[in-house]
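In what follows, a single structure is set out as structure tokens and then discussed.
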There are 2 protein chains.
Amino acid sequence: MDKVYSISDLAREFDITTRAIRFYEDKGLLAPARRGQTRLYSHADRVKLKLILRGKRLGLSLEESGEIIGMYDPGSNNVPQLERLIGKIQERRRALLAQKRDIDIMLAELEDAEARCLEARDSCQ
Amino acid sequence: MDKVYSISDLAREFDITTRAIRFYEDKGLLAPARRGQTRLYSHADRVKLKLILRGKRLGLSLEESGEIIGMYDPGSNNVPQLERLIGKIQERRRALLAQKRDIDIMLAELEDAEARCLEARDSCQ
DNA sequence: GCGCAGGTTGACGTTAACGTAAAGGTAAGC
DNA sequence: GCTTACCTTTACGTTAACGTCAACCTGCGC
């Protein structure tokens, strides 16, 4: 299970460019191993990339996605640091729940709009 | 109920700059009435602005929000046009439902992360 | 008439998130 | 040895979504 991926493997799989992947590394979101110059992506790297792309679909900036990646392992065994991390997680959760409410509102509005469209079409003879 | 708002009324209410509001007009998302040079925003304009800002919170571009605004009144009484509009509405709905799934996944992952944090903190003595 | 709080139109600056091109290293196949 | 397919770094270009002046008009209170 310690398969490695090349940069173009990941680019193909997620339908992005290698340039984008290197850019994420530049921004500190990825840090793949190297064999010489060449990047070797682990399964964990692939998961991080998935997180980044999901973040993008939700409208997060790369910086925000980076923060979320940082939530994935407690890392530091220092209590106040852990407390801060927990706080961040809770805030992120609140934001996601708010986003769900926005989506529900927009879904309802689209429902209305569709109804008006259907009516306009049908009353169009 | 035909109250009008000044540009800074709306800017204050939604905590954005007047520059942003004018920018949305530049991009064709708003078209307030005028008294001389001065813009006068109707209740409908305010609703459109709300749509724009909700779109932003969901990660939409201004262009996409503009499309959604365009869905709000069938306008054209021409059937193929209405059909296309209905299609767009349905696609937008699919996208929103997909986004909700992404949110649910991320929420579950945050739940995990929080559990690990709590454990790390508590096992920290 | 004067200041002031609001409004207006340019026009240039800025940031994020890459795109795109240049110039080159490397291993595989013929 | 040459091409081909990848990989690398460096660097400048681009787009969206405004921010930030500058220079100006305009009605109101005094």
Side-chain angles (χ1 to χ4, degrees), chain A residues 3-42 45-46 48-70 92 95 99 102 106, chain B residues 3-42 45-46 48-70 92 95 99 102 106:
Chain A
K3 185 184 172 185
V4 302
Y5 308 86
S6 79
I7 193 168
S8 45
D9 284 344
L10 295 182
R12 258 189 302 276
E13 175 173 2
F14 295 111
D15 195 30
I16 56 181
T17 65
T18 60
R19 173 68 176 96
I21 298 178
R22 292 196 194 95
F23 183 75
Y24 301 151
E25 182 174 348
D26 253 38
K27 293 295 162 179
L29 305 189
L30 295 174
R34 301 262 181 158
R35 180 179 47 206
Q37 296 259 75
T38 305
R39 282 165 247 253
L40 296 180
Y41 295 87
S42 68
D45 291 323
R46 206 185 79 123
K48 289 183 185 178
L49 185 52
K50 255 188 186 171
L51 287 178
I52 296 170
L53 298 178
R54 183 183 303 129
K56 290 205 67 180
R57 291 196 299 272
L58 294 179
L60 303 192
S61 69
L62 290 184
E63 194 178 342
E64 289 173 311
S65 289
E67 225 188 44
I68 289 184
I69 288 180
R92 186 53 64 187
Q99 199 168 359
D102 271 334
M106 189 171 282
Chain B
K3 185 183 171 188
V4 302
Y5 309 84
S6 77
I7 192 167
S8 44
D9 285 344
L10 294 182
R12 259 189 302 276
E13 175 173 2
F14 295 112
D15 194 31
I16 57 181
T17 66
T18 60
R19 173 68 176 97
I21 297 179
R22 292 197 194 94
F23 183 75
Y24 301 150
E25 182 174 349
D26 254 38
K27 293 295 163 179
L29 305 189
L30 294 174
R34 301 262 182 157
R35 179 178 48 206
Q37 297 258 75
T38 306
R39 282 165 248 253
L40 297 179
Y41 295 87
S42 69
D45 291 323
R46 206 186 79 124
K48 288 182 186 179
L49 185 51
K50 252 188 188 173
L51 286 178
I52 296 170
L53 298 177
R54 183 184 302 129
K56 291 204 66 179
R57 291 197 298 272
L58 294 178
L60 303 191
S61 70
L62 290 185
E63 195 179 341
E64 289 173 312
S65 289
E67 227 187 43
I68 290 185
I69 289 180
R92 185 55 62 189
Q99 199 170 358
D102 271 334
M106 191 172 281

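Bear in mind the structure is a predicted one, so any value in this text is a computation, not a measurement. In what follows, chains carry the letters A, B, and so on, assigned in the order in which the sequence lines appear, proteins first and then strands, with residues in each chain numbered from 1.
- Shown for residues 57-64 of chain A: residues whose heavy atoms fall under 4.0 angstrom of DNA chain C, namely A:S61, A:L62.
- The shortest side-chain heavy-atom distance between B:I68 and A:M106 falls under the 4.5 Å cut-off.
- Taking only side-chain nitrogens and oxygens, A:R22 comes nearer than 4.0 Å to OP1 or OP2 of D:dT8.
- Atoms CG (B:L40) and C1' (C:dG6) sit 13 Å apart, rounded to a whole Å.
- Within residues 24-37 of chain A, the residues that place at least one heavy atom under 4.0 Å from DNA chain C are, in residue-number order, A:Y24.
- Within a 6.0 Å sphere centred on CZ of A:R35, other residues, nucleotides and ligands contribute 12 heavy atoms or fewer.
- In the set C:dG19, D:dC7, C:dG6, C:dG19 carries the atom at the smallest distance from any side-chain atom of A:T17.
- Rounding to whole angstrom units, CD1 of residue B:I52 and P of D:dA17 are separated by 11 Å.
- Between B:L30 and B:E25 the shortest heavy-atom distance is O-CG, 3.4 Å.
- Under the 3.5 Å distance criterion, the side-chain polar atoms of B:S8 are left unmatched by any main-chain donor or acceptor of B:A11.
- With rounding to whole Å, B:I16 atom CD1 is found 12 Å from D:dA17 atom C1'.
- Under 4.0 Å is where a charged nitrogen must lie from a carboxylate oxygen, and between B:D9 and B:R12 at least one such pair does.
- A 6.0 Å sphere centred on CD of A:E13 holds more than 12 heavy atoms belonging to other residues, nucleotides or ligands.
- Distance, B:Y41 OH to C:dG6 C1': 14 Å, rounded to whole Å.
- In this structure, B:F23 places its CZ atom 17 Å from P of C:dT14, rounding to the nearest Å.
- For A:S8, the side-chain atoms get nearest to D:dC6 when compared with the rest of C:dG7, C:dG19, D:dC6.
- For the OP1/OP2 pair of D:dC18 and a distance below 4.0 Å, the side-chain nitrogens and oxygens of B:K56 include at least one atom meeting the criterion.
- By the 4.5 Å heavy-atom criterion applied to side chains, B:K48 and B:L29 are not counted as neighbours.
- In this structure a side-chain-to-backbone donor-acceptor pair under 3.5 Å is present from A:S42 to A:D45.
- For the OP1/OP2 pair of C:dT20 and a distance below 4.0 Å, the side-chain nitrogens and oxygens of A:R19 include no atom meeting the criterion.
- Not a single donor-acceptor pair under 3.5 Å links the side chain of B:D26 to the backbone N or O of B:F23.
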